[in-house]
Trainee: 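Before anything else, here's the structure in question.
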Amino acid sequence: MRDRMIKVASLLMAGTLIFSAAYAQNKMKVEANEVAAETQSVTAGVSSELAKQLEGAVSLDVNVTSGVTDAVGNYLLEAAAMTIDDVKVTETDTVTTAAGQAEAYGYTNLGVAQVDGNLNVREVPGTEAEIVGKMPNNAGCEIIETDGEWVKIKSGKVEGYVKSEYLLSGDAALAKAAEVKQTIATVNTTTLYVREQPNTDCAIITMMPAGEELEVLETLDGWVKINVDSDEGYVSSEYVDISVDLVKAQTMTEIRYGQGVSDVRVSLVQYATQFVGNPYVWGGTSLTRGADCSGFVLSVFANYGISLPHSSVAQSNCGKRISASEAQPGDLFFYGNGSRINHVAIYIGNGQVVHASSPKSGIKISGAFYRTPVKVVRIINN
């Protein structure tokens with residue numbers, strides 16, 4: 001079915017390129033509930049017999065006024081024969097002409113962030129306004145309106161204003177989205193086992209909660225190969241929903257801390273979260289240019305005069321082991337492949353951690369139990 005969807009998209013693209021400006025205002029898209037196109041006027045002439053066939057093609061409703069080549073006409077005729085029984089797509093897979101409105105990946109007016117690091121989303125237009133969220137580079141958004149050099153957008157749970165110079169729109173946004181889109185598997189069961197191999201006889205790497213989004217590396221027969229931070233694993237395709245999507249903005253909702261949390265913990269968490277959206281670089285320790293998981297933790301704690309080794313395993317042997325229920329902002333959560341530790345994150349309160357996740361995700365905020373923690377350690381004693 002997807003091959004047919006791609007075929008329709010190819011037909012439309014060929015027509016768009018040949019008809020150029022005369023065809024530019026026409027709009028054609030394939031959606032989950034319909035296959036339709038608006039009336040198109042073609043300023044050229046096919047053979048009379050083919051013209052009659054095209055004019056009678058109900059699903060295209062083409063009005064031929066003069067002559068295009070028969071090859072182009074046959075492209076259109078073949079597209080006209082496609083029906084909804086032939087094509088089934090998800091709501092994020094939408095086909096549009098190059099000149100059409102950007103309707104893709106769940107957005108009717110697509111915008112894509114283009115910035116080093118991340119793009120601040122502000123409550124109102126103006127560089128002094130409060131930051132309500134951040135859009136990582138290549139994140140998608142809905143463009144709501146333009147206000148001078150500012151654009152009002154909505155991405156994920158974040159709504160606010162960004163500078164227009166850092167946002168692609170229209171054809172440029174569609175082209176960039178096609179380059180950076182991600183295939184995502186969303187967990188649709190209470191607890192999902194991630195396994196070492198695509199079978200139920202092998203070891204379980206970790207467990208994922210309902211609603212967690214996983215980066216898809218490959219789809220297999222009955223299994224999906226996924227990326228979990230720096231690990232690869234397999235999950236049953238029965239328990240995930242697959243979609244094609246763009247990265248979304250992340251909220252900067254003020255973190256509420258429980259009673260007794262020290263000022264240094266609050267400061268450390270606020271310091272760490274300001275780097276959300278910055279890149280992951282294996283072996284790196286730069287909070288701006290790129291760090292891996294332990295390099296991120298190392299550099300955040302170094303800002304507070306605490307020296308840690310550059311290894312998640314070594315960091316897990318520092319400080320005092322505590323239970324997850326005892327965790328306070330600034331404590332460290334360790335994750336692994338089974339019991340083997342290979343990832344570390346900083347707890348920021350409210351059941352969340354900030355961590356350098358993977359080359360695609362960069363530094364991000366996740367639920368503390370997005371994977372099953374292997375160990376929780378307290379480094380800060382106050």
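If you read the sequence from its start, that first residue is 1, and numbering goes on from there.
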Trainee: Under 4.5 Å between any side-chain heavy atoms of Tyr271 and Val300, yes or no?
Mentor: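 Answer yes - side chains close enough.
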Trainee: Mind checking the CD1-CD spacing from Ile184 to Glu212? Nearest 0.5 Å is all I need.
Mentor: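 Reported to 0.5 Å precision, the distance equals 10.5 Å.
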Trainee: Which atoms form the tightest heavy-atom contact between Thr285 and His310, and what is the distance?
Mentor: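 Taking Thr285 first and His310 second, the nearest heavy atoms are CG2-CE1, 3.5 Å.
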Trainee: Are any non-hydrogen side-chain atoms of Asn337 and Thr206 less than 4.5 angstrom apart?
Mentor: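 Result no, sub-4.5 Å side-chain heavy-atom pair not found.
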Trainee: Checking the side chain of Thr189 only, and the main-chain atoms of Leu192 only, is there a donor and an acceptor separated by less than 3.5 Å?
Mentor: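 No; zero donor-acceptor contacts below 3.5 Å.
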Trainee: Please report the closest heavy-atom contact between Val124 and Ala129, naming both atoms and the distance.
Mentor: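 In terms of heavy atoms, the two residues are closest at O-CB, 3.2 Å.
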Trainee: One pair to check against side-chain hydrogen bond (donor to acceptor under 3.5 Å, both in side chains): Gln315 and Ser312. What are the steps and the verdict?
Mentor: CA-CA 5 Å; Gln315 288 176 0; Ser312 57; over 6 Å; no
Trainee: Could you check whether any side-chain heavy atom of Val344 comes within less than 4.5 Å of a side-chain heavy atom of Tyr335, counting everything from C-beta outward?
Mentor: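 SC-SC contact between Val344 and Tyr335 ruled out.
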Trainee: Are Tyr234 and Ile226 connected in a single hydrophobic cluster, I mean Ile/Leu/Val/Met/Phe/Trp/Tyr linked by side-chain heavy atoms less than 4.5 Å apart?
Mentor: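 As far as the 4.5 Å side-chain criterion goes, Tyr234 and Ile226 are not connected within one cluster.
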Trainee: For residues Tyr107 and Ser155, report the shortest heavy-atom separation together with the two atoms involved.
Mentor: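 The pair with the smallest heavy-atom distance is OH-OG, 4.2 Å.
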Trainee: For Ala291, what residues pass the side chain to side chain contact (heavy atoms under 4.5 Å, CB included) criterion, not counting sequence neighbours?
Mentor: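 Side chain to side chain contact (heavy atoms under 4.5 Å, CB included) check on Ala291 returns Phe296.
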Trainee: If you measure from OG on Ser358 to CD1 on Ile363, what distance do you get to the nearest 0.5 Å?
Mentor: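 Reported to 0.5 Å precision, the distance equals 11.5 Å.
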Trainee: Quick check: does any side chain N or O of Arg378 sit under 3.5 Å from a backbone N or O of Asp331, one acting as donor and the other as acceptor?
Mentor: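 Absent.
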Trainee: Extract all donor-acceptor atom pairs below 3.5 Å that involve side chains of residues 141-153 and protein atoms in other chains or at least two apart in sequence.
Mentor:
{"unit_1": "Glu142", "atom_1": "OE1", "unit_2": "Thr108", "atom_2": "N", "d": "2.9"}
{"unit_1": "Glu142", "atom_1": "OE2", "unit_2": "Thr108", "atom_2": "OG1", "d": "2.6"}
{"unit_1": "Glu142", "atom_1": "OE2", "unit_2": "Asn109", "atom_2": "N", "d": "3.2"}

Trainee: Are Val281 and Arg289 close enough, and set up right, to give a side chain to side chain contact (heavy atoms under 4.5 Å, CB included), and what steps lead you there?
Mentor: CA-CA 8 Å; Val281 174; Arg289 296 188 302 276; over 6 Å; no
Trainee: How far does OH of Tyr166 sit from CG of Leu119, to the nearest 0.5 angstrom?
Mentor: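 With rounding to 0.5 Å, OH (Tyr166) is 8.5 Å from CG (Leu119).
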Trainee: Between Asp292 (side chain) and Gly283 (backbone), is there a donor-acceptor pair under 3.5 Å?
Mentor: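 Yes.
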Trainee: Would you say the side chain of Ile348 lies within less than 4.5 Å of the side chain of Ile365, judging by non-hydrogen atoms?
Mentor: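 Of all side-chain heavy-atom pairs linking Ile348 with Ile365, at least one is under 4.5 Å.
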Trainee: What heavy-atom pair brings Val121 and Glu159 nearest, and what distance separates the two atoms?
Mentor: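 Heavy-atom minimum between the residues: CG1-C, 4.3 Å.
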Trainee: More than 12 foreign heavy atoms under 6.0 Å from NZ of Lys157: is that the case here?
Mentor: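 No, the 6.0 Å shell around NZ holds no more than 12 heavy atoms from other groups.
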Trainee: Might you point out which heavy atoms bring Ala177 and Leu110 nearest each other, and give the distance in Å?
Mentor: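 In terms of heavy atoms, the two residues are closest at CB-CD2, 3.9 Å.
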Trainee: Enter the distance from Ile306:CD1 to Leu268:CG here, rounded to the nearest 0.5 Å.
Mentor: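 Result: 7.0 Å between the selected atoms.
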Trainee: So, for Gly211 and Thr186, which heavy atoms are closest and what is the spacing to 0.1 Å?
Mentor: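 Closest approach of Gly211 to Thr186: O-CG2, 3.9 Å.
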Trainee: Asp231 and Asn342: side-chain hydrogen bond (donor to acceptor under 3.5 Å, both in side chains), yes or no, with the steps?
Mentor: CA-CA 8 Å; Asp231 271 347; Asn342 59 14; 2.8 Å; yes
Trainee: Is it the case that one hydrophobic cluster holds both Phe301 and Ile341, taking links as side-chain heavy atoms less than 4.5 Å apart, direct or via other members?
Mentor: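 Linked, Phe301 and Ile341 end up in one cluster.
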Trainee: Taking the side chain as every heavy atom from C-beta outward, state whether Gln274 and Val276 have any atom pair closer than 4.5 Å.
Mentor: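 Answer no - side chains too far apart.
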Trainee: Do Tyr304 and Val269 land in one hydrophobic cluster if side-chain heavy atoms of ILVMFWY residues count as linked below 4.5 Å?
Mentor: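 Yes, because Tyr304 and Val269 connect within a single hydrophobic cluster, where side-chain heavy atoms sit under 4.5 Å apart.
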Trainee: Is the closest side-chain heavy-atom distance between Leu308 and Ile379 below 4.5 Å?
Mentor: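 Side chain of Leu308 against side chain of Ile379, heavy atoms only: contact under 4.5 Å found.
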Trainee: Is Val112 reachable from Tyr105 through a run of I, L, V, M, F, W or Y residues, each pair having side-chain heavy atoms under 4.5 Å apart?
Mentor: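 Tyr105 clusters together with Val112.
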Trainee: Are more than 12 heavy atoms from other residues, nucleotides or ligands located less than 6.0 Å from atom CG of Asn303?
Mentor: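 Above 12, so yes.
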Trainee: Can you list the steps and then say if Val162 with Arg122 is a side chain to side chain contact (heavy atoms under 4.5 Å, CB included)?
Mentor: CA-CA 6 Å; Val162 299; Arg122 299 186 181 272; over 6 Å; no
Trainee: With a 3.5 Å distance limit and no angle check, can you tell me whether Asn199 reaches the backbone of Cys202 through a side-chain donor-acceptor pair?
Mentor: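 It does hold such a pair.
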Trainee: Is any side-chain heavy atom of Asp245 less than 4.5 Å from a side-chain heavy atom of Gln182?
Mentor: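 When only atoms from C-beta onward are counted, Gln182 and Asp245 do not touch, as no gap falls below 4.5 Å.
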Trainee: With side chain to side chain contact (heavy atoms under 4.5 Å, CB included) as the test, would you mind laying out the steps for Arg195 and Thr200 before giving the verdict?
Mentor: CA-CA 8 Å; Arg195 297 184 178 272; Thr200 56; 4.3 Å; yes
Trainee: Would you kindly confirm whether Leu298 and Leu287 end up in one hydrophobic cluster when ILVMFWY residues are joined by side chain heavy atoms under 4.5 Å apart?
Mentor: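 Result: no, two separate clusters.
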Trainee: Just jot down the side chain to side chain contact (heavy atoms under 4.5 Å, CB included) partners of Asp229, sequence neighbours excluded, or say none.
Mentor: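 Listed in chain order: His343, His355, Ser357, Tyr370, Arg371.
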Trainee: Return the CD to NZ distance between Gln197 and Lys225, rounded to the nearest 0.5 Å.
Mentor: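 Result: 9.0 Å between the selected atoms.
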Trainee: So, taking the atom named NZ in Lys375 and the one named CG in Leu332, what distance separates them when rounded to the nearest 0.5 Å?
Mentor: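 These two atoms lie 11.0 Å from each other.
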Trainee: Counting distance only, does the side-chain N/O of Asn137 pair as donor-acceptor with the main-chain N or O of Val115 below 3.5 Å?
Mentor: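 Yes; at least one donor-acceptor contact below 3.5 Å.
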Trainee: When you measure from the side chain of Glu326 to the backbone N and O of Ser323, does any donor-acceptor pair fall under 3.5 Å?
Mentor: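 Looks like yes, one N/O pair under 3.5 Å.
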Trainee: Heavy atoms, side chains only, cut-off 4.5 Å: are Tyr193 and Met208 in contact?
Mentor: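 SC-SC contact between Tyr193 and Met208 ruled out.
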Trainee: Please report the C-alpha distance between Ile346 and Val353 in whole Å, then the side-chain angles of each, then the deciding distance to 0.1 Å, and finally whether the side chain to side chain contact (heavy atoms under 4.5 Å, CB included) criterion is met.
Mentor: CA-CA 5 Å; Ile346 301 172; Val353 293; over 6 Å; no
